[in-house]
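This is a predicted model, so every value here is computed, not measured. Any value given below was found using the heavy atoms of this structure, including those in side chains, with hydrogens, waters and symmetry copies removed.
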Amino acid sequence: MLPLIIEPVLFFIGGLVSTCLGVKYQKAYKKIIQNGITAEGIVFEFAGSNETWIGEPAESPTPVIRFVTNKQQWITQEATISFYSSGLKQGDKVTVIYNENEPEQFIIKSFLTTAWVHYLFIIAGVIAMLASGIYILLKLFSGETTV
């Protein structure tokens with residue numbers, strides 16, 4: 001019975017994580033878009049490892065953006081809510097939309113920072129959870145105890 005459950009449960013957990021991350025970032029994105037302030041910034045540097053988890057060079061590390069708020073406060077922060085980083089180079093100008101109360105929360109304004117990217121995470125997560133549940137039910141009702 002145990003081999004039947006391990007892989008689908010891991011798939012379910014992956015779907016749950018994807019869904020939760022999608023919801024979290026969608027809420028932050030929506031809050032910033034509705035109440036945010038636009039500013040001009042630059043790509044200051046790139047943060048994080050320049051290698052993937054298998055040791056190969058990363059194609060799009062996280063950009064660190066520097067901009068000035070309307071209260072003349074300098075912000076230099078990783079772009080954590082945005083998904084757009086490929087094609088950016090150090091020194092490139094970008095438009096950011098930031099949360100006035102917490103300017104460290106911002107997005108890089110581009111086509112790829114639209115809400116549909118977050119919805120893809122949510123949809124993929126829900127599909128993964130449903131698929132793993134259906135897989136377990138089918139195996140249980142077919143009488144199989146191993147995969």
> When rounded to the nearest 0.5 angstrom, what is the spacing between CD in Glu78 and CZ in Phe46?
Replying inline: 11.5 Å

> Does Thr76 use its side chain to pair, donor to acceptor, with the backbone of Arg66 at less than 3.5 Å?
Replying inline: no

> Quick one: do Val17 and Ile123 end up in the same hydrophobic cluster if we chain Ile, Leu, Val, Met, Phe, Trp and Tyr together by side-chain heavy atoms under 4.5 Å apart?
Replying inline: no

> Shortest non-hydrogen contact from Gln73 to Pro103?
Replying inline: OE1-CG, 3.6 Å

> Can the ring centres of Phe106 and Phe67 be said to be less than 6.0 Å apart?
Replying inline: yes

>> Quick check for you: to the nearest 0.5 Å, what is the distance between Ile97 atom CD1 and Thr38 atom OG1?
In response: 4.5 Å

> Looking at Glu40 and Thr95, what are the two nearest heavy atoms and their distance?
Replying inline: OE1-OG1, 3.7 Å

> CG of Leu16 to CG of Leu21: how many Å apart, nearest 0.5 Å?
Replying inline: 9.5 Å

> Just by distance, do the side chain of Ser18 and the backbone of Gly14 share a donor-acceptor pair under 3.5 Å?
Replying inline: no

>> As an exercise, state the distance from OH of Tyr98 to CD of Gln77, rounded to the nearest 0.5 Å.
In response: 14.5 Å

>> Minimum heavy-atom separation for Phe11 and Ala128, please, with both atom names.
In response: CD2-O, 3.4 Å

>> Taking Val94 as the starting point, is it possible to reach Ile75 by hopping between hydrophobic residues whose side chains are less than 4.5 Å apart?
In response: yes

>> Can you tell me how far apart CG (Leu88) and CD1 (Ile65) are? Round to the nearest 0.5 Å.
In response: 6.5 Å

>> Test of understanding: clusters of I, L, V, M, F, W, Y form through side-chain heavy atoms closer than 4.5 Å, transitively. Do Leu130 and Phe12 belong to the same one?
In response: yes

> Can you name the nearest heavy-atom pair linking Val43 to Pro63, along with the distance?
Replying inline: CG1-CB, 4.3 Å

> How far does CD1 of Ile107 sit from NZ of Lys31, to the nearest 0.5 angstrom?
Replying inline: 13.5 Å

> How far apart are the closest heavy atoms of Ala79 and Ile108, and which atoms are they?
Replying inline: CB-CD1, 3.7 Å

